[in-house]
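One structure is given here, and the rest of the page talks about it.
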Number of protein chains: 2
Amino acid sequence: MFQISRKADYAIRGMVYLALKPQDGVASIKDIAGFAEASRAFLAKIFQQFNKMGIVKSYRGTGGGFMLGRPAGDITLLDIVEAVDGPILGNTCLLGKGTCSRDTTCPVHPVWKDVRQELRALLGRVTLERLAGAMPETPEPSGHHNKSQQ
Amino acid sequence: MFQISRKADYAIRGMVYLALKPQDGVASIKDIAGFAEASRAFLAKIFQQFNKMGIVKSYRGTGGGFMLGRPAGDITLLDIVEAVDGPILGNTCLLGKGTCSRDTTCPVHPVWKDVRQELRALLGRVTLERLAGAMPETPEPSGHHNKSQQ
DNA sequence: TTATATAAGACTAAAAAGGTCTTATTAGGA
DNA sequence: TCCTAATAAGACCTTTTTAGTCTTATATAA
């Protein structure tokens with residue numbers, strides 16, 4: 001129960017990789033997937049969604065790839081996890097899809113609400129910057145290309 | 001992500017039902033399933049597992065059924081949730097099933113560990129007794145049968 | 001204009017969740 | 001003793017979700 005999806009795992013590692021690059025460093029999906037140990041096509045799909053959500057930016061064509069959509073200090077695990085797998089603990093009671101007839105009477109309801117809040121708070125406190133800073137080794141310290149200088 | 005399984009939902013409601021009964025009250029799976037709004041066969045399977053784990057006791061034959069395996073104050077949401085769906089956030093990193101090569105180096109690892117601890121602590125604090133006490137109405141205040149008087 | 005990238009989305013395979021059904025086994029009561 | 005009411009156990013099935021591939025289009029730099 002409450003398992004982390006492989007998708008989230010890949011996504012997080014991929015994002016950490018981007019955060020490790022020098023400011024505005026662009027990485028190809030090939031490199032990112034290599035680091036994250038994920039299939040290229042699969043990770044590409046994930047990052048395409050991230051692009052739409054603004055947590056990464058994408059560039060097509062030769063020398064293209066992905067880079068962080070905002071500073072690593074402004075992207076949290078919560079952002080990533082919810083971008084990948086949707087909101088944590090949707091407020092349904094599972095039964096009676098959508099609206100739960102127990103909303104007001106069910107004594108378990110407030111417990112899940114608490115759990116949800118705690119979880120979100122915890123993950124919201126962990127930034128990519130912090131994660132990248134805790135990485136033991138950096139990939140290619142000398143940056144590939146740099147989209148901000150165009 | 002981190003959704004509650006329907007199984008856990010059924011199980012919790014079924015257990016609350018048992019906790020609402022007078023001390024040592026036995027209820028048939030039919031009654032429990034009715035209250036939990038779950039299929040009889042499905043809930044039976046869940047409760048059979050609970051029986052093995054000791055959080056309920058079962059009695060076969062006429063007048064049989066299930067009752068709590070220990071006082072409602074000694075059974076928590078954590079007990080139920082982990083009995084149904086297995087341990088919260090198994091310590092794998094998902095990749096490299098079993099042992100994660102990143103155990104020592106991965107900076108995300110300690111975060112999941114924290115999350116796991118928080119979650120377990122939160123759920124471990126909520127007893128069936130408390131949940132039953134917060135229920136708006138009780139089912140059949142006059143008990144059916146009572147296995148302790150045999 | 002060609003090689004190198006991502007974009008988009010249809011499609012598929014595998015695993016997990018949710019659930020049913022059948023055949024024991026056990027216990028109580030007529 | 002035999003019938004009925006109950007759980008036990010486990011094989012089986014269906015649906016949904018997860019994880020992933022593949023193809024075609026589009027953009028861009030050299």
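Quick note on labels: first sequence line is chain A, next is B, and so on, each numbered from 1.
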- Heavy-atom side-chain proximity of A/F2 to B/R116 below 4.5 angstrom: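 A side-chain contact is absent here, since even the closest heavy-atom pair is not under 4.5 Å.
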- Query: Does some side-chain heavy atom of B/K45 sit less than 4.5 Å from a side-chain heavy atom of B/Q48?
  - Reply: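 Answer yes - side chains close enough.
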Polar pairs (N or O, both sides) under 3.5 Å between protein and nucleotides 23-25 of chain D?
none

- Item | Position toward the 5' end of DNA chain C (nearest nucleotide), A/G61 or A/K52 |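 The residue mapped nearer the 5' terminus is A/G61.
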- Task: For A/F47, report the nucleic acid contact type (base, sugar-phosphate, nothing); a contact means any heavy atom under 4.0 Å.
- Result: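 Nothing, no heavy atom under 4.0 Å.
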- Looking at every strand, decide which applies to A/K57 at a 4.0 Å heavy-atom threshold: base, sugar-phosphate, or nothing.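 The residue A/K57 makes no contact with any strand.
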Just to confirm, is there a sub-4.0 Å distance from OP1 or OP2 of [N] to any side-chain nitrogen or oxygen of [X]?
X: A/N51; N: C/dT6; value: no
X: A/S58; N: C/dA7; value: yes
X: B/S39; N: C/dG18; value: no
X: A/Y10; N: D/dG20; value: yes
X: B/R6; N: C/dG19; value: yes

- Message: Testing the basics here: between B/S5 and B/V84, what is the closest heavy-atom pair and its distance to 0.1 Å?
- Response: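 Here B/S5 and B/V84 meet closest at OG-CG1, 4.4 Å.
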- Message: Could you report the tightest heavy-atom contact between B/L18 and B/F47, atom names first, then the distance?
- Response: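 In this case the closest contact between B/L18 and B/F47 is CD1-CE2, 3.7 Å.
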- Find the distance between CD (B/Q49) and CD1 (B/I55) and round it off to the nearest 0.5 Å.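 That separation rounds to 9.0 Å.
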Name each donor-acceptor pair under 3.5 Å that joins a side chain in residues 76-83 of chain A to protein atoms two or more places apart or in another chain, with its distance.
{"from": "A/T76", "atom 1": "OG1", "to": "A/L78", "atom 2": "N", "distance (Å)": "3.3"}
{"from": "A/T76", "atom 1": "OG1", "to": "A/D79", "atom 2": "N", "distance (Å)": "3.2"}
{"from": "A/T76", "atom 1": "OG1", "to": "A/D79", "atom 2": "OD2", "distance (Å)": "3.3"}
{"from": "A/D79", "atom 1": "OD2", "to": "A/R70", "atom 2": "NH2", "distance (Å)": "3.1"}
{"from": "A/D79", "atom 1": "OD2", "to": "A/T76", "atom 2": "N", "distance (Å)": "2.9"}
{"from": "A/E82", "atom 1": "OE1", "to": "A/R120", "atom 2": "NH1", "distance (Å)": "2.9"}
{"from": "A/E82", "atom 1": "OE2", "to": "A/I88", "atom 2": "N", "distance (Å)": "2.9"}
{"from": "A/E82", "atom 1": "OE2", "to": "A/R120", "atom 2": "NH1", "distance (Å)": "2.7"}

- Message: Let's test your reading of the model: under 3.5 Å, does the base of D/dG10 pair with the side chain of B/K45 as donor and acceptor?
- Response: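 Under the 3.5 Å cut-off, the side chain and the base do not form any donor-acceptor pair.
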- Query: When the distance from CD1 of A/I46 to C1' of C/dA7 is rounded to whole Å, what number comes out?
  - Reply: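 Going from A/I46 (CD1) to C/dA7 (C1'), I get 15 Å.
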